[in-house]
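In what follows, every heavy atom counts, from backbone to side chain, and hydrogens, waters and symmetry copies are set aside.
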Amino acid sequence: MAATNSSDWTTPRDVVARLRKRWERGDYLAELANGTDWEPFSIPLRGPKAGDITQHYEAALAWARSWAPEVHKHVRIEHRRLGGRLAGVNDVPARVWIERREDLWRLLGVTSTVHRYELLLACAREALPRLATWMADHPMRVVRWEADWPRLQATIRWINGYRGPAVYLRQLDVPGVDTKFIEHHRAILTTLLEHCLPSDRIDTEAARTDFAARFRFLRKPAYLRFRLLGDESLAGFSELTVRADEFTSPPSGITTVYVVENETTYLAFPNQPRSIVILGGGYAVTQLSAVSWLHHRSLIYWGDLDTHGFAILDRLRRAFPHTQSILMTRNVLLEHRNQWVKEDAPTHGHLATLSPEEADLHESLMEGEFGHNVRLEQERVRYHLLEGALNDLHQESRNPTAGTADAEQGEEVCRIVTVQSD
């Protein structure tokens, strides 16, 4: 006896799965939200053929009973006549009809979800019509965030209606909404605000991941912490923290500035006449671009001897093209071979501002000439080399190279050394 093909026959579960795919795409809720008139539709059923009734009568009977009308109260079963001389003529299920939306909701078990979506949509249409338009086009995203939607909508409404001076996110005054809520829902809030706010309320130059900047909230300012080296003090203080955007001029009498990333190095940095040392932050050296008076001084950077150290040097030079470096040489690297560590995630790519010697060493590090991901952290470099480098800088400042722009203009030389930690 031939094997039955009953595995190909459409089951009630198959029909529900087909309908659920369309539900999960949002088709049914979008039609509801957009006022599309309901039109009954049907799904054809694959079932037994005439020969199956004689050869696989029990399987065919069980399949037909699985579609009994009393079992499926929310659909209409359309039958067709099937049979022949041997088995006689039989009525078998041929098509399933969904006559009403309410029947579809019950069949999928989503009636309560639909009612909640309709309530949320009605509320938005009254308070924020532009938000309601988005909700109608993206119903399943509303369903996904259903529990949080009232707070999301209240947040959109507050931001949309606020017309005062710029504030911090902490000042957003919505019941149940705090900065943690904003951070957790940043992606969906960004999408909704981009749809609801006028274009002049959105900074399209800011990254979508930077919520505060993109929607013109105040951002946490960048701070620069610095020490005065030697005998100098400022208003009686030897160390201060200031906002980067307010550091508009150098402290009086200061001609030399060092920027370091490692706090211990910052605290132990050798005393230098008419100098300050700034505690930086790796790639945060770009914050120094706000310190415009540095454009008129010499800049000298000392960072880790690894790919990121050279990348930070390159970034600083893009802001201040005249930046020099110290202690970032092949000799310094090889002299500390027993101090090497592994660089966790090396960076790659061409760094256009490097000198030929810097570029050669950077390429050697990228290509693994010294080993896999070799790194020499600046705090592992012997201290006397720093002292020697600083002494050399003093000698150069006393005998500046003829032909430099600073020498020609008689300007003071302000040297900036950026030291990067791990």
Side-chain angles (χ1 to χ4, degrees), residues 4-50 52-53 56-83 89-126 131-150 152-153 188 191-192:
T4 177
N5 293 322
S6 60
S7 60
D8 294 331
W9 300 347
T10 305
T11 67
R13 182 175 295 181
D14 294 333
V15 170
V16 172
R18 180 172 174 178
L19 294 172
R20 194 168 296 282
K21 285 183 179 179
R22 287 197 62 192
W23 161 264
E24 291 173 350
R25 289 201 307 263
D27 296 353
Y28 298 129
L29 279 181
E31 291 171 0
L32 174 67
N34 290 311
T36 303
D37 291 336
W38 174 262
E39 293 185 6
F41 66 92
S42 65
I43 297 175
L45 304 179
R46 296 187 306 273
K49 296 179 173 58
D52 293 320
I53 295 179
H56 308 292
Y57 176 78
E58 293 297 332
L61 180 61
W63 178 83
R65 286 175 175 171
S66 73
W67 285 108
E70 61 270 18
V71 178
H72 304 285
K73 298 180 180 179
H74 306 305
V75 299
R76 177 170 65 85
I77 310 297
E78 178 183 324
H79 292 75
R80 64 186 174 91
R81 299 185 70 80
L82 178 68
V89 177
N90 297 270
D91 288 335
V92 297
R95 189 172 291 273
V96 171
W97 283 87
I98 312 297
E99 302 281 6
R100 303 182 307 158
R101 275 199 176 101
E102 292 76 9
D103 293 331
L104 176 63
W105 307 150
R106 294 189 182 96
L107 186 62
L108 294 175
V110 297
T111 300
S112 60
T113 299
V114 172
H115 288 167
R116 289 192 296 271
Y117 171 74
E118 288 182 301
L119 288 173
L120 293 173
L121 183 61
C123 181
R125 281 174 170 160
E126 181 179 345
L131 177 60
T133 301
W134 187 93
M135 294 170 67
D137 292 337
H138 305 86
M140 297 314 292
R141 298 191 69 179
V142 179
V143 170
R144 190 176 307 127
W145 292 103
E146 174 191 330
D148 293 322
W149 199 263
L152 291 171
Q153 180 172 310
I188 183 64
T191 297
L192 298 179

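- From Asp91, atom CG reaches atom CZ of Arg80 across 10.5 Å, with rounding to the nearest 0.5 Å.
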(request) Show your working on side-chain contact (heavy atoms from CB on, under 4.5 Å) between Val114 and Glu118 and close with a plain yes or no. (result) CA-CA 6 Å; Val114 172; Glu118 288 182 301; 4.0 Å; yes
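- Of all non-hydrogen atoms in Leu121 and Ala132, the two that sit nearest each other are CD1-O, 3.6 Å.
- When side chains are defined from C-beta on, Glu39 does not count as touching Glu31, because their heavy atoms never get closer than 4.5 Å.
- Nearest heavy-atom pair, Pro93 versus Ile77, reported as atom, atom and distance to 0.1 Å: CB-CG2, 3.8 Å.
- A salt bridge (Lys or Arg N to Asp or Glu O under 4.0 Å) with Asp27 is found for one member of Arg18, Lys21, Arg22, Arg20 and no other, namely Arg22.
- For the atom pair OH (Tyr28) and CG (Leu108), the distance works out to 7.0 Å, reported to the nearest 0.5 Å.
- Taking the side chain as every heavy atom from C-beta outward, Ile98 and Trp38 approach each other to under 4.5 Å.
- We find the CG-CZ distance between Leu19 and Phe41 to be 5.0 Å, quoted to the nearest 0.5 Å.
- Looking at every heavy atom in both residues, Thr191 comes nearest to Arg141 through CG2-NH1, 4.1 Å.
- By the 4.5 Å heavy-atom criterion applied to side chains, Leu45 and Val15 are counted as neighbours.
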(request) Let me see the working for His138 and Arg144 under side-chain contact (heavy atoms from CB on, under 4.5 Å), right down to the final yes or no. (result) CA-CA 10 Å; His138 305 86; Arg144 190 176 307 127; over 6 Å; no
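- Pairing each heavy atom of Met135 with each of Tyr117, the nearest pair is O-OH, 2.9 Å.
- Between Trp63 and Trp9, the angle of the ring planes goes over 60°, which puts this pair in the perpendicular group of the 30/60° scheme.
- The distance from the NE2 atom of His72 to the CH2 atom of Trp67 is 5.0 Å, given to the nearest 0.5 Å.
- To the nearest 0.5 angstrom, His74 atom NE2 is 13.5 Å from Glu99 atom CD.
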(request) Using the side-chain contact (heavy atoms from CB on, under 4.5 Å) rule, take Arg76 and Asp103 through it: C-alpha gap first, then chi angles, then the decisive distance, then the call. (result) CA-CA 10 Å; Arg76 177 170 65 85; Asp103 293 331; over 6 Å; no
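- Put simply, CH2 on Trp105 and OG1 on Thr113 are 10.5 Å apart, with the number rounded to the nearest 0.5 Å.
- The backbone N or O of Asp8 sits less than 3.5 Å from a side-chain atom of Arg46, completing a donor-acceptor pair.
- When all heavy atoms of Thr10 and Pro44 are compared, the closest pair comes out as OG1-O, 4.4 Å.
- The minimum heavy-atom distance between Ser66 and Pro12, with the atom names listed, is O-CG, 3.7 Å.
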(request) I would like to know whether Glu78 and Ser42 meet side-chain contact (heavy atoms from CB on, under 4.5 Å); could you show each step before the answer? (result) CA-CA 9 Å; Glu78 178 183 324; Ser42 65; 5.8 Å; no
